[in-house]
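Here the structure comes first, spelled out in structure tokens, and everything after it is commentary.
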Protein chains: 2
Amino acid sequence: MRIGELAGTAGVSVRALRYYEEQGLLTSERTGSGQRTYPPVAVDRVQLIQQLYAAGLTSRTILELLPCVDKGVSTPESRARLAAERERIDQQITGLLATRDRLDAVIAVADDPTHPSCTRI
Amino acid sequence: MRIGELAGTAGVSVRALRYYEEQGLLTSERTGSGQRTYPPVAVDRVQLIQQLYAAGLTSRTILELLPCVDKGVSTPESRARLAAERERIDQQITGLLATRDRLDAVIAVADDPTHPSCTRI
DNA sequence: CTAAAACCTGACGTTGACGTCAGAGGCAAG
DNA sequence: CTTGCCTCTGACGTCAACGTCAGGTTTTAG
């Protein structure tokens, strides 16, 4: 498949795909005229990249960890990095749970004008 | 307290505090010479702001929602915004849980050389 | 064959939450 | 008094993940 189809299927922009390649996260074959060609499995790869971005990892970190994900290849450094990122995500989840609870409390008050805590201050 | 002490106590930079004030998220009294002064409760306010930033809210959104948190004041718009942000955070948590599980699987392979899917060097 | 649509490289623009620097004034200690 | 840290305003710098535009080539539909 070509870049436009991959972009549409994976739900990202064409620009993003070229950026991923520039960062070394995604590879492509080229046709004789220079156009990029991808195998169907590239869709999964792109979605993995998106998932890692969404978790707050940077391009460089993803680049470091992709060999582990791809082939189970690991060095002491990459294992440490994996553990560190896992820990970071865990703390992020914990923080978000707390924030969600806090928002829930605010919503409860906002939706119920008769709520007792409306008389604070 | 002055800005340096607040920054130290709340764990943020002096620059950040001035930025929060610039965005309307934080208020301060001024001494005759123009220096900012904060009440002790400002520490909590700053930490709340940090928590909302960490949850991915923008300054503008936080500005919109602070009246709800502060005084339970709410409009139909702010209630919708609260619900939308809560939903966004919820989806973010869901995504992070999936990512964490995925990382855990990768870590399990990386940490166990005898794992079948592991063909390391 | 031709025109639209998709693709290419290269390069500058965007956004948000600050960092950092410059230049000037304020404040407690010795 | 003056030394040294804190604070002020204003303004430019940063960084990451793209967006967007220019100018040109390639592929596809009719």
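Note on naming: letters A, B, ... go to the chains in the order of the sequence lines (proteins, then strands), and numbering restarts at 1 for each one. FYI, side chains are in, hydrogens and waters are out, and symmetry mates aren't considered; it's all heavy atoms of this structure. Just so we're clear, the structure is a prediction, and the values are computed from it rather than from any experiment.
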Legend entry - More than 12 heavy atoms of other groups within 6.0 Å of A:Glu22 CD: yes

Inset, instruction - Could you tell me the separation between the CZ atom of A:Arg36 and the P atom of C:dA6, rounded to a whole number of Å? - result: 17 Å

Legend entry - Reported CG-to-OH distance for the pair A:Leu25 and A:Tyr53, which is rounded to 0.5 angstrom: 5.0 Å

Inset, instruction - May I ask you to verify if any side-chain N or O of A:Arg18 is less than 4.0 angstrom from the OP1 or OP2 atom of C:dT9? - result: no

Inset, instruction - Rounded off to whole Å, could you give me the CZ-to-P distance for the B:Arg60 and C:dC18 pair? - result: 17 Å

Legend entry - Rounded distance in Å - CD (A:Gln23) to C1' (D:dC15): 12 Å

Legend entry - Between C1' of C:dG26 and CD1 of B:Ile3, the distance in whole Å: 15 Å

Inset, instruction - Considering only NZ, NE, NH1 and NH2 on the basic side and carboxylate oxygens on the acidic side, decide whether B:Arg60 and B:Glu64 come within less than 4.0 Å. - result: yes

Legend entry - Separation of A:Ile89 CD1 from A:Thr94 OG1 (nearest 0.5 Å): 12.0 Å

Inset, instruction - Hey, could you give me the CD/CG distance between B:Gln51 and A:Leu96, rounded to the nearest 0.5 Å? - result: 9.0 Å

Inset, instruction - Give B:Ile49 one of three labels, base, sugar-phosphate or nothing, depending on what nucleic acid heavy atoms sit under 4.0 Å from its own. - result: nothing

Legend entry - For atom CD of B:Glu22 and atom P of D:dA11, their distance in whole Å: 11 Å

Inset, instruction - Take atom CG of B:Leu25 and atom P of C:dC18, then tell me their distance rounded to the nearest Å. - result: 10 Å

Inset, instruction - Classify the side-chain pair A:Arg81/A:Thr61 by whether it contains a donor and acceptor separated by less than 3.5 Å. - result: yes

Inset, instruction - Please report, rounded to the nearest Å, how far the C1' atom of C:dG16 is from the CG atom of B:Leu52. - result: 16 Å

Inset, instruction - Can you check each nucleotide of nucleotides 18-28 of chain D against protein heavy atoms at under 4.0 Å and return B for base, S for sugar-phosphate only, - for none, in 5' to 3' order? - result: BBB-----SS-

Inset, instruction - Return the value, rounded to whole Å, for the distance between atom CZ of B:Arg30 and atom P of C:dG26. - result: 14 Å

